[in-house]
Amino acid sequence: MTAAWHADLQMLSAYADGGLDDVRASSIEAHLLSCETCRDLLAPAVPAATIDRVWQGVVIATVAPHAGIVERVLLRAGVRDDIARLLAATPSLRVSWFLAESLALGFAAFAANVAPGGGADAALFLFLVIAALAPVAGVAAAFGPGLDPTYEIGIAAPMRNERLLLMRTLAVLATSLAIAGLAAIALPGFDRAAIAWLLPSLGLCLTTVTLATWIRPVVAAIVVAMTWLAVAASVTAARSDPVAAFRSGGQVLALALIVISALVLSRRRVVYEGGVAA
Amino acid sequence: MSLPTVEIADVHKRFGRTTALDGVGFDAPTGITGLLGPNGAGKTTLLRMLATVLAPDSGSLRLLGWNPAVADERLAIRRRLGYMPQEPGFHQTFTAFEFVDYVAILKEMTDRKARHDEVARVLALVGLEGVMERKIKALSGGMRRRVALAQSLLGDPDLLVLDEPTAGLDPEQRLRFREIVSERASDRTVVLSTHQTEDVAALCPRVVVMLDGVALFDGTPRELTDVASGRVWLAPERSAAARLSWRTPDGSHRNIGEAPAGADLVAPTLEDGYLLLVGDRAFAEEAA
């Protein structure tokens, strides 16, 4: 559509250069919306650099981050946008992962409440085992070849990989522990036993991360989980106590694992940087 | 001639019982160096070393004047490196913009505005400005290759390592790729691998032919073509003297080898030189 009156070229040039006051600029802008003739006159007067800059701004405003749900939650929690994006790419920081973990723990807690006698003991053991191992699986899936599709590009990038690993491990641990902590409230006769998985879980996670400096993280997690499961099940069976593996002996063992793993990891962490012989 | 920015000397690498690199060595100066070779020749292993992803078992490597075996120097290399792996992985739920933005963060670009400007720039460079908001999983294979190329161009790196960058691209996209890479190669170093002798002919002033983990040839495309000079002839049938022979569309046979007396010699191509060099093994792969 073309209006009945037209702005003169001098005024349009001044507008294009940003030389008009706000009132006249607003008036011209309102007129341009409905006047094709003046738009055609204005177009050649606008410097190419200005058009590029404005278009770039439009692109960035419209395309740039329409963040996914995890990233949005992190941003709302005050996490810096670049860190939120790095965490959002973590395979084990997905809604589907959280749901799977919640369902497994919820089921075990439910069974511990409704199952009769020995069944409740087995369900409690199951709950503690899942609560301890869920973070291990999450940490193994958070970083490394095979599960992280951009692993190789990440290795070749300057950001220190141990920093990325640490960030993701802490995020996975925090979410896993929060889910397990909430599910523990639903256990019958909620007491210290409900959080007895905490220290073993930390020990197993750290052992997995350390072992992953020699073998793939997923293989490390499987080795750690199976070994620990065998030990926990045999101790439980021998003492007829569903939380036997989580009592003081188990806690001391977990603490020892944390200390030893931390010491070994401090010497082996350079392997995570890639480009060095393992 | 400029100083070499990539120096490789007697590099060995084994994976279990398999020898991937068996004493490979060459220099790559500013400009484009193409690695040509059949599957399993060791090209990808070598490029992963140039990208500082993999360490050699023995031998020496210097990139942009630094030693990637030393932590601080490796970091300095990574700050000036762009890398496109042979099979780049993607976070499928990200859009093209988000994915390249993610890599930009890994490249220590923390200022959001500057980073987003750079992401938009490299995506426009590879002709993907119209699909920036599209999820990676909704992009075609060729578009994904271009997304992978875009991330390698972030920050205008001094050393660009591209593993089979033209695989899966249609002829028009390959032309566009050649433009993008050749524009950047005037004052930077690009090392790329390819199966396409046309890519080498069109793009690389320098070519290294690899076979069984060693550099079999190191020179210009013209010199590689000259390997087959006086050794290519046409005949109605496959010649007994030919090391390699195949039927051409016009029905005659193109023979490569020691030409018999009176043979109808023709001008060799880059492909003839390459095939003659790597022999029957490469020919079998090309035919398959």
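Naming convention: chains lettered A, B, ... in sequence-line order (proteins, then strands); numbering from 1 in each chain. Being a predicted model, the structure only gives us computed values, none of them experimental.
- For I105(B), the parts sitting under 4.5 Å from any heavy atom of chain A are the backbone and the side chain alike.
- The backbone N or O of I155(A) sits less than 3.5 Å from a side-chain atom of R78(B), completing a donor-acceptor pair.
- In terms of non-hydrogen atom pairs under 4.5 Å with chain B, the most contact-rich of R160(A), R163(A), E152(A), R80(A) is E152(A).
- Interface check for chain B: of the options A88(A), G154(A), A156(A), the most heavy-atom pairs under 4.5 Å are formed by A156(A).
- Other residues, nucleotides and ligands contribute more than 12 heavy atoms inside 6.0 Å of the CD atom of E179(B).
- Neither the backbone nor the side chain of I83(A) comes within less than 4.5 Å of any heavy atom in chain B.
- Interface remark: Q151(B) contributes side-chain atoms only to the contact with chain A (heavy atom separation under 4.5 Å).
- Counting non-hydrogen atoms of other residues, nucleotides and ligands closer than 6.0 Å to CZ of R269(A) gives a total of 12 or fewer.
- Within 6.0 Å of CG in D111(B) there are more than 12 heavy atoms belonging to other residues, nucleotides or ligands.
- When side chains are defined from C-beta on, H91(B) counts as touching D148(A), because their heavy atoms get closer than 4.5 Å.
- Contacts of R115(B) with chain A are made by side-chain atoms alone, with heavy-atom separations under 4.5 Å and no backbone atom involved.
- Interface residue Y102(B): backbone and side-chain heavy atoms are both found under 4.5 Å from chain A.
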Inset, instruction - Starting from the C-alpha separation in whole Å, work towards a yes-or-no answer on salt bridge (charged side-chain N to carboxylate O under 4.0 Å, His left out) for R85(A) and D101(B). - result: CA-CA 9 Å; R85(A) 175 138 297 164; D101(B) 187 49; 2.6 Å; yes
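- Closest of all the heavy-atom pairs between T150(A) and F90(B) is CG2-CA, 4.5 Å.
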